[in-house]
Amino acid sequence: MQAKILRTALLVGLLLSLSPPMEGAALSNASLQGTYFFVLQEIDPSVFFGFYFTTAQGTLTFDQNGNVAVKGQINRGGTVESLSATGTYNLASSGAVHVSLPDIPLSVDGDVSFDLNSLIASNVASGVLYSQEILLATKQLPLPISTAFLNGKYFLAERTVTASGGIPSQFENATGTISFDGQGNCAVALSSNRNGSLTPVNATGTYLMASDGGVLLNLPGRSTPVKLGFTPDGNMGVGATVQSQSSATHDLFAVTRANNSGLGNAALNGSYQVLVSTFSFSGSEGFSIAGGQADYTGDGKVSYQLLQNSMGVAGTGNGSSTVSVNADGTLQFSGVPNTPGSF
């Protein structure tokens with residue numbers, strides 16, 4: 001029987017430009033300062049249960065000297081507790097960043113965006129093949145904020161794993177759009193893949209602004225809100241659900257503002273950081289992850305230089321493909337090296 005593929009929220013929805021913030025500027029630890037909202041998802045194999053899931057969210061505070069403090073909540077295999085720890089980071093002049101938080105434990109590599117408003121990292125380059133770690137962060141919003149901050153259409157991608165006692169009972173990923181009205185209401189139009197069954201989801205929800213600058217998103221079919229952190233310009237948000245009343249839920253959300261200016265393929269030009277995560281089941285079951293650089297040439301062509309961990313087997317994903325930028329800002333990828341299907 002052919003394996004079904006569930007593609008995660010982070011497939012290519014998180015594309016961070018690797019251009020320097022200004023001509024001649026050299027990035028360093030001093031460039032990364034202030035507080036960022038973060039979400040973390042870690043997947044480890046378990047001898048007894050098959051997988052062990054960890055999800056966390058909260059804040060990362062960088063001190064410009066290579067030290068970082070983390071505060072928030074963490075869900076370790078269904079047990080939710082407070083998180084307070086310290087670690088280190090290193091930001092290279094190219095924008096490459098390494099973050100280490102031994103108390104979690106976490107050790108990931110990735111990149112900051114050209115405006116330093118967001119960060120994407122994973123452990124795919126670490127050589128640790130038995131564990132998969134994904135860290136996403138957005139610069140914290142200045143306070144206060146109101147519901148009017150979110151207004152318009154965004155693209156949404158999410159992955160949710162429901163696991164009880166370490167045993168996964170449901171896998172879901174969904175992609176589509178979410179529209180905010182600036183008054184606390186939203187509407188979603190998604191395509192959902194739940195355990196291999198594709199269904200459309202068209203529904204309404206609500207959102208609230210939390211006192212710490214986060215956004216509490218209430219979606220249909222979910223008993224607890226998803227907490228999102230947006231960049232100060234409102235162009236990108238990441239989130240998760242880490243609450244004791246939903247301890248069986250391990251999810252990851254990414255939203256990006258829609259651009260319907262109709263620029264076509266010419267709008268996607270330059271180097272970007274990409275992260276691809278998949279899950280396959282029936283037959284060969286497991287998670288795979290790939291991360292690295294994608295270079296777009298503005299004519300619908302893209303080349304990849306990726307490191308991959310395919311269910312514990314290290315590899316590379318180097319090659320070329322094509323991408324189409326539609327009038328509404330959506331992207332259609334013909335494929336990513338060594339990753340089945342199109343996106």
Side-chain angles (χ1 to χ4, degrees), residues 3-16 38-45 50-57 75 99 106-111 118-137 155-163 168 170-175 191-196 236 238-241 249-256 272-281 284-294 304-317 321 331 333 335-343:
K4 300 180 178 68
I5 302 295
L6 290 178
R7 291 179 177 80
T8 174
L10 306 177
L11 191 50
V12 270
L14 292 178
L15 301 173
L16 302 190
F38 83 92
V39 291
L40 160 71
Q41 189 172 85
E42 181 175 344
I43 303 170
D44 298 292
F51 298 104
Y52 186 83
F53 299 95
T54 300
T55 308
Q57 68 177 192
N75 182 346
V99 178
L106 176 76
S107 180
V108 292
D109 295 274
D111 284 271
S118 50
L119 178 156
I120 177 173
S122 75
N123 72 334
V124 69
S126 69
V128 180
L129 300 176
Y130 58 83
S131 178
Q132 295 187 25
E133 301 167 349
I134 295 172
L135 175 70
L136 311 173
F155 296 113
L156 180 151
E158 66 90 9
R159 175 176 70 185
T160 300
V161 178
T162 304
Q170 181 172 279
F171 297 92
E172 177 189 20
N173 73 294
T175 59
S191 176
S192 172
N193 182 343
R194 181 172 296 179
N195 287 347
M236 175 179 170
V238 298
T241 307
T249 299
H250 296 272
D251 56 11
L252 216 52
F253 278 72
V255 294
T256 53
Y272 289 75
Q273 174 78 4
V274 300
L275 184 61
V276 183
S277 182
T278 64
F279 175 75
S280 63
F281 65 96
S284 180
E285 183 176 283
F287 287 89
S288 299
I289 190 171
Q293 185 167 321
Y304 296 95
Q305 300 86 47
L306 306 177
L307 294 176
Q308 297 178 320
N309 176 358
S310 179
M311 292 185 284
V313 179
T316 58
S321 187
L331 307 178
F333 293 81
V336 176
N338 299 334
T339 301
S342 59
F343 318 114

Next item on the list: Can you sort out the partners of Ser126 under side-chain contact (heavy atoms from CB on, under 4.5 Å), two or more places apart, ordered by chain and number?
Entry: Asn123, Val128
Check: Rounded to the nearest 0.5 Å, what separation is found between the CG atom of Leu119 and the CG atom of Asp111?
Finding: 8.5 Å
Item checked: Straight-line distance of Leu135 CG to Ser122 OG, nearest 0.5 Å -> 9.5 Å
Check: Can you tell if the side chain of Gln132 reaches within under 4.5 Å of the side chain of Gln41, non-hydrogen atoms only?
Finding: no
Check: Do Glu42 and Ser131 come within less than 4.5 Å of each other through their side chains, counting heavy atoms only?
Finding: yes
Notebook entry, point to check: Measuring from Glu158:CD to Leu252:CG, what's the distance to the nearest 0.5 Å?
Noted result: 9.5 Å
Margin query: Tell me the closest heavy-atom pair linking Val274 and Ala294, and the distance in Å.
Written below: CG1-CB, 3.8 Å
Margin query: Testing the basics here: between Gln273 and Gly110, what is the closest heavy-atom pair and its distance to 0.1 Å?
Written below: NE2-CA, 4.2 Å
Check: Out of curiosity, Thr160 OG1 to Phe171 CZ, how far, rounded to the nearest 0.5 Å?
Finding: 11.5 Å
Check: Looking only at atom types and distance, does a side-chain atom of Gln57 sit under 3.5 Å from a main-chain N or O of Ala240, one as donor and one as acceptor?
Finding: yes
Margin query: Run the salt bridge (Lys or Arg N to Asp or Glu O under 4.0 Å) test against Asp251 and tell me which residues pass, sequence neighbours left out.
Written below: Arg222
Check: Of all heavy-atom pairs between Ser192 and Glu172, which one has the smallest distance, and what is that distance?
Finding: OG-OE2, 3.0 Å
Notebook entry, point to check: Of all heavy-atom pairs between Ala314 and Leu129, which one has the smallest distance, and what is that distance?
Noted result: CB-CD2, 3.8 Å
Checklist line | Residue list, side-chain contact (heavy atoms from CB on, under 4.5 Å) with Ser107, at least two apart or on another chain | finding: His98
Notebook entry, point to check: Of Thr55, Leu106, Asn75, Val108, which is the lone residue that meets side-chain contact (heavy atoms from CB on, under 4.5 Å) with Leu40?
Noted result: Leu106
Note to self: As a test of understanding, state which of Leu306, Leu275, Ile43, Leu307 forms a side-chain contact (heavy atoms from CB on, under 4.5 Å) with Ile289.
What the structure shows: Leu275
